[in-house]
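Data first, discussion second: the structure below is written as structure tokens.
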Amino acid sequence: MISPSTHPCPQWLSNAIFYEIYPQSFADSNGDGIGDIPGITAKLGYITDLGCNAIWLNPCFDSPFKDAGYDVRDYKKVAPRYGTNDDLAALFAAAHERGMHVILDLVPGHTSEEHEWFRHSAEVDRNEYSDRYIWTDSWISGGDGLPFIGGETPRNGTYILNFFKCQPALNYGFAHPQRAWQKPAFGPEAIATCDAMVDVMRFWLSLGADGFRVDMADSLVKQDDAGKPFTIRTWQYMFSKIRPEFPEAAFVSEWGRPNESLEAGFDMDFYLDWRWDGIPNGYNMLLRNVDNPLSRDGDKSYFNVDSGTPISDFLEQYEPQLREAEHLGGTFNFITCNHDTARVAPRLSEREIALAYCTLFAMPGVPFIYYGDEIGMRYRDLPTKEGGYVRTGSRTPMQWQSLASLNASYATPAITGGNYLPVDPSPDAPNVADSQSNKASLWYTVRRMLHLRGNCDPLQSRASFHPISRRRLFAFERSTDLERVIVAVNPSTNSERLQLPNGHYRKIFEIGETKVDFNTLTLGTQSFAILKATA
Ligand code: NOJ
């Protein structure tokens, strides 16, 4: 048996660049208004041309869509609005033909209240599923501090929730059961849930999936201790089952604490966007250090030209976590955004975004680009849809072309992002077609940078990282045994100078005006440079 903590990360992750697709809004191939899987397959060329070689697909399973698909009704069936299981298998095959990988979104902590496991679990008579969820032993019982629902089912008990009301928690047990209804972690009931989830993984991996992004991966064992030791062991159990069968499958957790998630056996974790009670975490400090996602008032984000924020605060939080990830043999990943997070446009300017994304793409870890960020799609203030609330404004249809050309194209229908939500109606809303015909566009810069990263070993996931300037000017060295690059970004309007470590350098990428003179790099207003050490 492979021990999870010594399982080597799949090799393909070392130069993977992911594109996150929200299937509702990406590409509608049949004109029914909602994105679908054949639409995604038709756009694989676009994704590889951009420089991405992997896809994270948000939940595409049968669901009542009270939480946009994170309320799974059938783990083994593609939601009819997105197509069929055969369509998904065809997407895997087409992606593999292009050398790409596709990971799905696994939701192990809860199901929809409409899942058949839950329906059976709610029956009066005991059956195979009676302990699949966490039930108290009486209709009037509270949840021992956990959120619960009563009065909805024939069964004489209340049940524990994991997120929304529609998402009952699956039973992985309690760290320290205190009441008769609380089953132990690793007890037979918890192990049965684990085995059922491993069966779901096996189902999709056998069909051609290349791994999973795992939703709320830290939420499994209830009332776990600090550091989540019981949830960690639960994952180690599941990985001990699935890894030997699919050693090339990749697993990335929604956890946000690599010292825990990588110990649990994940290959990668995300640097999630956290801002609790107005207090930013390191990632938030870079791009979203503001209370209102649509306003620059009081914005302290590092990449905001006016913020004056030094990079040191971010590094103080980031570096210890990076070192832990390196120690545990996994990666700690940056995202441009995701389906839960406000897009940075229009709050940040196009130049600020270009500097931000290029910096993120030069950092260690596996980068994740949220669909539409490459053209600067904008966060919008929209009413909630399918449980999105404030997240809805980041889930709008992909803007493949301008609204004007879309309206004119009825005679020759093109694949659009659909109308799951209203398409951004602003006359200057960015779109792919226009971005591709403008060499000064964000899309061009992103594409140039991703292709550079893909062909430059010291910019890839596991190459080492050493900061050399921690001021407003952020500069760092990345290296392998054979090659070394210097990356520097000046987000301000001042001109900045950086003393380079000894060596000879050649500029291989720049934004704005930058100059290398012997061992000094001068960075003009809002600029970015990558230098390759040549000796
Ligand atoms: C995190 C997902 O990213 C989010 O979209 C979802 O609502 C919750 N988990 C619940 O599954």
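Order of appearance sets the numbers: ligands from 1, and atoms from 1 within every ligand. Counting begins at 1 with the first residue of the sequence.
Residue pairs meeting the salt bridge (charged side-chain N to carboxylate O under 4.0 Å, His left out) criterion with at least one member in residues 270-285, sequence neighbours excluded, are Arg275-Asp291.
For Lys300, the NZ atom counts as loosely surrounded, since its 6.0 Å shell holds 12 or fewer non-hydrogen atoms of other residues, nucleotides or ligands.
Scanning for side chain to side chain donor-acceptor pair (under 3.5 Å) contacts around Arg395 gives Tyr22, Asp340, with sequence neighbours left out. For the side chain to side chain donor-acceptor pair (under 3.5 Å) test, residues two or more places apart in sequence or in another chain that qualify with Asp199 are Lys76.
Sorted by chain then number, the residues whose non-hydrogen atoms approach ligand 1 to under 4.0 Å are Asp67, Tyr70, His110, Phe163, Arg213, Asp215, Met216, Glu254, His339, Asp340, Arg391, Arg395.
Side-chain N or O atoms of Thr331 include none that pairs as donor or acceptor with a backbone N or O of Gly365 at under 3.5 Å.
Less than 6.0 angstrom separates the ring centroid of Phe334 from the ring centroid of Tyr318.
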